[in-house]
Amino acid sequence: MKMFTGRFRLTSVLFLGIPLTFLCLFLFTTLRKSTHSVEKIHLVETSYTSEDTRPQQVKVCDKQEPFKNIYSRNPKTGWTLNEDVCRGCPNFRKSKLQTPFGETPIYIYKAAEDIYISKGIQTAGIFDKHKTLEVLKALQKDKSLDLIDIGANIGVFTLSAAKLGRRVIAIDALNTNIQHLCFSVREGGFEKDVTIIHNAVADRSGMIVNLGVQKNNMGGTFIDFESENIKKVKKEFKATIGGSYGNISTIILDEILELDALKSFKNVVVKMDIEGFEDRVLLGATAFFKTLNIRAVFMEWVFHRHAASGVTVIDFMTQAGFIPFTESGGRLSVSSRTSWPLDVLWLPNS
């Protein structure tokens, strides 16, 4: 009887032990995967409540010294400090920008006025998350890399890169975007790392161009100069356009090489999102591409899919030694440019 009992216990142990072993292995593997996923989600997803993101209407004032890192250029005076654009006490909406490196204050528009960027930040803490993370990944590959943000808007990419600890040249044409960015940079403590340029970028310097309005989308502001294709594409996406945000003087990208702040930039990532004017910018960027070690160019493509400007972009970038990829790194064929995604990543052919 004892022998039978012993065998029964041994059999029970074996019978239960094998499934328990597999169960433990399963749980261990699951927990490992779960832990990894949590870490990944922590870097990619936001984790705060909608109440946390509710923007506060605040009056922000330039009570301290004037902003020192804002420049504008015109043909008569060259580069000058623009201490006036961010003066005063505007009523802005303060929110939080979520980055993989922590949150940082950001001033946004009312969601109804800016239904993509500001609304995205207000509801999710970020806008264009995938692209933002791809730009940050590119910057993380080398600590010597800095960012040149052409079409900075209110600063999603600029502030994220600054939070990473990288220097940024942020360029935008719209004065209200510059004002929002000024106070976000100051409150985030990035004044030493971020240089702001208030000009439109084109293929000719010193032109006075009109800034076109896209209703309910401040991020859709465009240079309304020979802009038939830009307007056509916007209308295809059901955008309502019309009106003006005023005029601004143009620069060519080569001219920013004159700034002292850029002279210490050697290795850079470029983000270019200027609503269909990318081809014009490249035509004024020959010295820019020859002088700087450009390791990646993230460029909006949607306006160039079916336009002659797409050929201009491809020809320039090819001659500069770059190959097109998807943002995630999939090689793109030049022959299929009309089916390229909304945004394209150009990498050096080396």
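Residue numbers count from 1 along this sequence. All figures in this text were calculated on a predicted structure; none of them were measured in a lab.
You'll find the side chain of T104 stays beyond 4.5 Å of the side chain of K96, heavy atoms only. Proximity of T250 to I248: side-chain heavy atoms (C-beta onward) are nowhere separated by under 4.5 Å. Residues V281 and D203 have side chains not in contact (no heavy-atom distance under 4.5 Å, counting atoms from C-beta outward). At a threshold of 4.5 Å between non-hydrogen side-chain atoms, the residues L345 and V297 do not count as touching. The shortest side-chain heavy-atom distance between I121 and I126 does not fall under the 4.5 Å cut-off. At a threshold of 4.5 Å between non-hydrogen side-chain atoms, the residues L253 and T286 do not count as touching. No side-chain heavy atom of L262 sits less than 4.5 Å from a side-chain heavy atom of D260. Between R295 and K141 there is no side-chain heavy-atom pair separated by less than 4.5 Å.
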- request: Show the numbers, then the answer: is there a side-chain contact (heavy atoms from CB on, under 4.5 Å) between E327 and K131?
  value: CA-CA 7 Å; E327 288 178 345; K131 185 175 179 179; 3.3 Å; yes

field: Candidate pair L159 and I106, rule side-chain contact (heavy atoms from CB on, under 4.5 Å), full reasoning
entry: CA-CA 8 Å; L159 297 171; I106 184 169; 3.8 Å; yes

- request: Check the pair I70 / C86 against side-chain contact (heavy atoms from CB on, under 4.5 Å), numbers first and verdict last.
  value: CA-CA 9 Å; I70 308 173; C86 290; 3.6 Å; yes

message: Apply side-chain hydrogen bond (donor to acceptor under 3.5 Å, both in side chains) to residues N69 and T195 and explain how you reach the verdict.
response: CA-CA 5 Å; N69 286 340; T195 298; 4.7 Å; no

message: Using side-chain contact (heavy atoms from CB on, under 4.5 Å), reason through L181 and I154 one step at a time and then give a plain yes or no.
response: CA-CA 5 Å; L181 183 55; I154 58 174; 5.8 Å; no

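Partners of K232 by salt bridge (Lys or Arg N to Asp or Glu O under 4.0 Å), not counting sequence neighbours: none found. Partners of E226 according to the salt bridge (Lys or Arg N to Asp or Glu O under 4.0 Å) rule, which considers only residues two or more places apart in sequence or in another chain, are R280.
Between the CD1 atom in I241 and the CG atom in N217 there is a gap of 11.5 Å [rounded to 0.5 Å]. The distance from atom NE2 of H304 to atom CG of N229, rounded to the nearest 0.5 Å, is 8.5 Å. Note that CH2 of W346 is 6.0 Å distant from CH2 of W301, once rounded to the nearest 0.5 Å. Atom OG1 of T132 sits about 8.5 Å away from atom NZ of K271, to the nearest 0.5 Å.
Under the 30°/60° scheme for interplanar angles, the aromatic rings of Y71 and W79 are found to stand perpendicular. The aromatic rings of F92 and F183 stand perpendicular to each other, their planes meeting at an angle above 60°, with 30° marking the opposite boundary.
In the model, D149 has a side-chain atom that pairs as donor or acceptor with a side-chain atom of T158 under 3.5 Å. A donor atom on one side chain and an acceptor atom on the other are found under 3.5 Å apart for N177 and Y109. For the residue pair S309/D279, the side-chain donor-acceptor check at 3.5 Å is not satisfied. Using modelled atom types, one finds a donor on one side chain and an acceptor on the other under 3.5 Å when comparing Y107 with E187. Counted by atom type alone, T318 and D315 present zero donor-acceptor pairs between their side chains at under 3.5 Å. A donor-acceptor pair shorter than 3.5 Å cannot be found between the side chains of T176 and Y245.
By the rule that hydrophobic residues join a cluster once side-chain heavy atoms approach within less than 4.5 Å of another member, L259 and I252 end up as members of separate clusters. Placement of L342 and I230 within a single hydrophobic cluster is found when ILVMFWY residues are connected by side-chain heavy-atom separations under 4.5 Å, directly or transitively. Under the 4.5 Å side-chain heavy-atom criterion for Ile, Leu, Val, Met, Phe, Trp and Tyr, V311 and L283 are members of distinct hydrophobic clusters.
A donor-acceptor contact shorter than 3.5 Å is absent between the side chain of Q140 and the backbone of A138. Here the side chain of W340 pairs a donor or acceptor atom with the backbone of S333 at under 3.5 angstrom. A donor-acceptor pair under 3.5 Å is absent between the side-chain atoms of K231 and the main chain of D224, judged by distance alone. N199 places a side-chain N or O within donor-acceptor distance of the main-chain N or O of S249, the cut-off being under 3.5 Å. The backbone N or O of G102 sits less than 3.5 Å from a side-chain atom of T99, completing a donor-acceptor pair. At distances below 3.5 Å, at least one donor-acceptor pair connects side-chain atoms of D114 with backbone N or O atoms of S118. Panel note: side chain Q179, backbone V85; a donor-acceptor pair is recorded below 3.5 Å.
Summarising the geometry of I223 relative to S227, their closest heavy-atom pair is O-CB, 3.7 Å, with the distance given to 0.1 Å. Of all the heavy atoms in P324 and V344, the pair that sits closest is CB-CG1, 4.0 Å. For the pair N153 and M218, the tightest heavy-atom approach, listed with the atom from each and the gap, is ND2-O, 3.9 Å. Closest of all the heavy-atom pairs between N216 and A112 is ND2-O, 3.0 Å. Between K68 and E83 the shortest heavy-atom distance is NZ-OE2, 3.2 Å. Between D343 and E300, the shortest heavy-atom contact is OD1-CA, 3.3 Å.
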In a table with atom names and distances, give each donor-acceptor pair under 3.5 Å that connects a side chain of residues 204-214 to protein atoms at least two apart or in another chain.
from	atom 1	to	atom 2	distance (Å)
S205	OG	E255	OE1	3.0
S205	OG	E255	OE2	2.9
N210	OD1	S244	OG	2.3
Q214	OE1	K234	NZ	2.4

Could you tabulate the donor-acceptor pairs under 3.5 Å formed by side-chain atoms of residues 160-171, not counting sequence neighbours?
from	atom 1	to	atom 2	distance (Å)
S160	OG	V156	O	2.7
K163	NZ	E103	O	3.4
R166	NH1	L139	O	2.6
R166	NH1	D142	O	3.0
R166	NH1	L145	O	3.1
R166	NH2	L139	O	3.4
R167	NE	D146	OD2	3.2
R167	NH1	S264	OG	2.6
R167	NH2	D146	OD2	2.7
R167	NH2	S264	O	3.1

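Here ring pair (Phe, Tyr, Trp, His ring centres under 6.0 Å) pairs that include residues 114-138, with residues two or more places apart or in two chains, number zero. Pairs of residues two or more places apart, or lying in two chains, that qualify as ring pair (Phe, Tyr, Trp, His ring centres under 6.0 Å) and include a residue from residues 255-294 are F289-F316, F289-F322.
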